[in-house]
Amino acid sequence: MAGLLRGRDTHVPAADLGRIVEMAGDELTGPQIAEVFARAAGRPVGFVSLPVGELRAHSEEMGAMFAWFNEVGFRAEVDDLRRAVAAPVTLESWVAEHWSVPVA
């Protein structure tokens with residue numbers, strides 16, 4: 001965990017040294033992600049979930065990845081990060097700082 005947080009003023013407890021932690025500032029669903037972008041854009045943003053078979057038609061690898069997301073899913077240790085980092089980067093904070101509304 002210390003390597004991932006290099007450059008931050010962070011204390012890593014001895015129990016966490018050498019531990020691998022999936023890091024994320026938040027864990028959102030597709031509709032929640034759309035809400036973040038809608039607030040930033042000041043207009044509605046929709047989320048559409050495509051059938052895995054449709055994704056596989058374009059890319060077997062992409063289909064396999066999204067099948068895994070649907071069946072197993074990625075789970076980040078958000079609470080661990082929030083204990084280790086005072087202000088983790090969330091999608092909301094990243095969008096506010098780095099994203100701008102695309103020109104139509």
Side-chain angles (χ1 to χ4, degrees):
M1 179 156 62
L4 290 172
L5 300 173
R6 187 177 335 146
R8 307 286 299 250
D9 184 19
T10 303
H11 169 74
V12 178
D16 287 337
L17 292 175
R19 182 172 169 223
I20 297 172
V21 178
E22 300 291 344
M23 304 299 268
D26 50 18
E27 191 171 24
L28 305 174
T29 64
Q32 290 170 323
I33 293 168
E35 288 174 18
V36 169
F37 283 97
R39 282 192 297 277
R43 62 182 187 224
V45 173
F47 170 77
V48 177
S49 180
L50 297 175
V52 171
E54 193 172 320
L55 295 170
R56 277 205 168 105
H58 294 285
S59 165
E60 184 61 37
E61 185 174 307
M62 185 177 287
M65 177 179 70
F66 279 93
W68 182 84
F69 284 148
N70 290 339
E71 295 163 13
V72 178
F74 176 79
R75 295 290 176 257
E77 297 181 30
V78 175
D79 290 337
D80 286 353
L81 177 64
R82 288 183 179 152
R83 281 192 293 276
V85 178
V89 176
T90 62
L91 180 60
E92 189 99 33
S93 63
W94 183 89
V95 165
E97 187 173 336
H98 300 285
W99 185 77
S100 59
V101 179
V103 177

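Separating the CE atom in M65 from the CG atom in N70 is a distance of 10.5 Å, to the nearest 0.5 Å.
Taking E61 as the reference, nothing meets the salt bridge (charged side-chain N to carboxylate O under 4.0 Å, His left out) condition, with sequence neighbours excluded. Shown here are the side-chain hydrogen bond (donor to acceptor under 3.5 Å, both in side chains) partners of E60, two or more places apart in sequence or in another chain: R56. Annotation: ring pair (Phe, Tyr, Trp, His ring centres under 6.0 Å) contacts of H58 (sequence neighbours excluded): none. Residues passing the ring pair (Phe, Tyr, Trp, His ring centres under 6.0 Å) test with W68, sequence neighbours excluded: none.
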Acceptor/donor pairs from residues 30-50 side chains to any protein atom, 3.5 angstrom cut, sequence neighbours excluded:
| from | atom 1 | to | atom 2 | distance (Å) |
| --- | --- | --- | --- | --- |
| Q32 | OE1 | T29 | N | 2.7 |
| Q32 | OE1 | T29 | OG1 | 3.2 |
| R39 | NE | E92 | OE2 | 3.3 |
| R39 | NH2 | E92 | OE1 | 2.6 |

Name every donor-acceptor pair, under 3.5 Å, that has one atom in a side chain of residues 93-104 and the other anywhere in the protein, sequence neighbours excluded.
| from | atom 1 | to | atom 2 | distance (Å) |
| --- | --- | --- | --- | --- |
| S93 | OG | T90 | N | 2.9 |
| S93 | OG | T90 | O | 3.0 |
| S93 | OG | T90 | OG1 | 3.2 |

